[in-house]
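What you see below is based on every heavy atom in this structure, not just the backbone, and it leaves out hydrogens, waters and symmetry mates. Letters A, B, ... mirror the listed sequences (proteins, then strands); counts begin at 1.
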Protein chains: 2
Amino acid sequence: MTKAENTTRQKIVETARALFHEQGYHATGMATILRLAGVNSGSLYHFFPSKEALLEAVLESYLGGLGPMLIDPVEAAFGDPVERIFGLLDQYRQALLMTDFSYGCPIGNLALEMGADDGDVARLIADNFAAWRDAIEGWLSAAFSAKDVDISGLTALTLAVMEGALMQARVAKKIEPFDEAVAQYRKMLGT
Amino acid sequence: MTKAENTTRQKIVETARALFHEQGYHATGMATILRLAGVNSGSLYHFFPSKEALLEAVLESYLGGLGPMLIDPVEAAFGDPVERIFGLLDQYRQALLMTDFSYGCPIGNLALEMGADDGDVARLIADNFAAWRDAIEGWLSAAFSAKDVDISGLTALTLAVMEGALMQARVAKKIEPFDEAVAQYRKMLGT
DNA sequence: TATTGAGTTGAATGATCAATCAAATTATTT
DNA sequence: AAATAATTTGATTGATCATTCAACTCAATA
């Protein structure tokens with residue numbers, strides 16, 4: 001499935017993904033998506049019945065891109081599972097610095113903005129989180145399965161550090177909270 | 001300052017606070033605020049020049065309420081500084097369970113939804129986070145200042161666990177990720 | 001080449017958005 | 001009681017919202 005996608009559809013999803021990430025879902029108007037994608041409204045609604053359906057496509061593209069875009073590169077760069085976790089954290093760190101602290105986790109942003117939601121969107125956000133969980137849990141298992149460690153709990157804590165550290169740095173517009181939280185997390189893993 | 005506030009103004013701020021929390025800022029229309037507050041638009045705009053100004057008032061009310069509504073009760077209930085932290089976490093836990101996992105941190109929600117923002121709103125969100133930081137840092141200092149601990153880093157990690165654990169439980173619609181993350185955090189504090 | 005259907009055009013729709021304002025009312029001060 | 005100020009009324013505004021649709025183009029197939 002999802003082989004050699006239509007180019008107009010792709011353009012729409014990628015434009016929407018960028019705008020939803022930068023501005024949020026509600027703050028992004030269809031007119032802006034259409035203008036930046038260089039597409040007419042009829043074309044968009046030929047592929048997507050609604051704005052919400054477009055958001056669902058964006059969330060599916062995040063889900064599909066998680067492996068090839070994030071997990072795989074990190075696994076290629078680092079052999080040690082623990083280093084892989086910090087490699088992922090460093091990706092966030094770089095994104096924060098490069099965007100002057102405007103970068104946020106796309107899934108985390110949508111999760112909190114769409115918190116009220118209860119339909120396909122909520123399910124897709126949960127699916128995305130679950131995929132992240134699985135990747136991190138796999139690494140932690142590889143590193144600590146022999147020892148007496150609660151892998152599931154450590155995974156939850158790891159995700160919490162990622163999202164929470166990112167949020168703090170973004171709000172404070174400085175990298176220190178992120179670095180400090182990660183340093184503490186690293187120390188904890190060491191013991 | 002802020003002595004014996006006008007009742008109409010209060011009603012508006014409290015209604016807006018509830019709606020912004022439940023639905024988010026952009027998803028909440030002024031018409032809904034007006035209807036639920038039982039107030040006419042002219043009255044609202046007599047007190048607040050814009051929707052954004054109303055959000056600023058809401059954020060100021062969060063800032064003012066942090067001590068009396070959250071910190072003080074927890075400090076009254078628990079003497080031990082570490083227990084106070086877990087008392088605060090338990091407040092979140094109860095809120096999650098009572099709302100069927102729809103409860104989110106009001107400040108965290110707004111922080112991620114308004115991430116693009118760069119004006120007074122962003123400053124007020126940062127002020128709120130700073131106030132939370134100060135409270136937690138005070139407790140951690142009382143507990144660990146003697147020992148060789150990075151209090152600032154531990155504070156950042158604590159906040160990250162709060163926000164990150166809440167986010168995960170909300171998305172997964174189950175308490176386990178929250179409990180697991182907190183359990184790991186507790187174990188870490190013990191060592 | 002005729003037919004079919006996927007894709008595109010872009011103006012138009014009604015709903016909802018935040019915000020306005022002159023007039024009326026109520027509260028405060030003189 | 002008169003004058004002034006603060007607050008409230010609520011219809012109305014223009015902008016923007018997501019969405020629709022009939023007409024059109026173009027590529028694939030028969």
Review point. Can you find a side-chain donor-acceptor pair between B:Arg17 and B:Ser61 that sits under 3.5 Å?
Key: yes
Exercise for review: Flag the pair B:Arg93 and B:Asp179 as a salt bridge only when some basic side-chain nitrogen lies within less than 4.0 angstrom of an acidic carboxylate oxygen.
Suggested key: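 B:Asp179 and B:Arg93: salt-bridged.
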Check your understanding: Quick one: do B:Asp80 and B:Arg84 make a salt bridge, cutoff under 4.0 Å?
Key -> no
Check your understanding: Considering all heavy atoms of both residues, which atom of B:Ser50 and which atom of B:Tyr45 are nearest to each other, and what is their separation?
Key ->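 That would be CA-CE2, 4.0 Å.
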Review point. Using 30° and 60° as the class limits, which term best fits the ring planes of B:Tyr92 and B:Trp132: parallel, tilted or perpendicular?
Key: parallel
**Study point:** Nearest-0.5 Å distance that lies between atom CZ in A:Arg133 and atom OG1 in A:Thr158
**Key:**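 Answer for the CZ-OG1 pair, A:Arg133 versus A:Thr158, is 9.5 Å.
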Check your understanding: Where are the stems of DNA chain C, defined as at least 3 consecutive Watson-Crick or wobble G-U pairs with both distances under 3.5 Å?
Key -> C:1-30 with D:1-30
[atom1] of [X] versus [atom2] of [N]: gap in Å, rounded?
{"X": "B:His26", "N": "D:dT16", "atom1": "NE2", "atom2": "P", "result": "14 Å"}
{"X": "B:Arg35", "N": "C:dA18", "atom1": "CZ", "atom2": "C1'", "result": "16 Å"}
{"X": "B:Leu34", "N": "D:dT8", "atom1": "CG", "atom2": "C1'", "result": "12 Å"}
{"X": "A:Glu52", "N": "D:dT19", "atom1": "CD", "atom2": "C1'", "result": "14 Å"}
{"X": "B:Phe48", "N": "C:dA18", "atom1": "CZ", "atom2": "P", "result": "15 Å"}
{"X": "A:Phe20", "N": "D:dA18", "atom1": "CZ", "atom2": "C1'", "result": "12 Å"}

Check your understanding: For every nucleotide of nucleotides 6-12 of chain C, 5' to 3': is a protein heavy atom under 4.0 Å from its base (B), only from its sugar-phosphate (S), or from neither (-)?
Key -> SBBBBB-
Review point. Does A:Trp139 reach the side chain of A:Phe144, with side-chain heavy atoms less than 4.5 Å apart?
Key: no
Review point. Picking from A:Leu157, A:Val182, A:Ile136, what satisfies side-chain contact (heavy atoms from CB on, under 4.5 Å) with A:Met162?
Key: A:Ile136
Check your understanding: So what does B:Thr32 hit on the nucleic acid, given a heavy-atom distance under 4.0 Å: a base, only sugar-phosphate, or nothing?
Key -> nothing
Practice item. Determine: side-chain N/O of B:Tyr45 to OP1/OP2 of C:dT20, distance under 4.0 Å, yes or no. Key: no
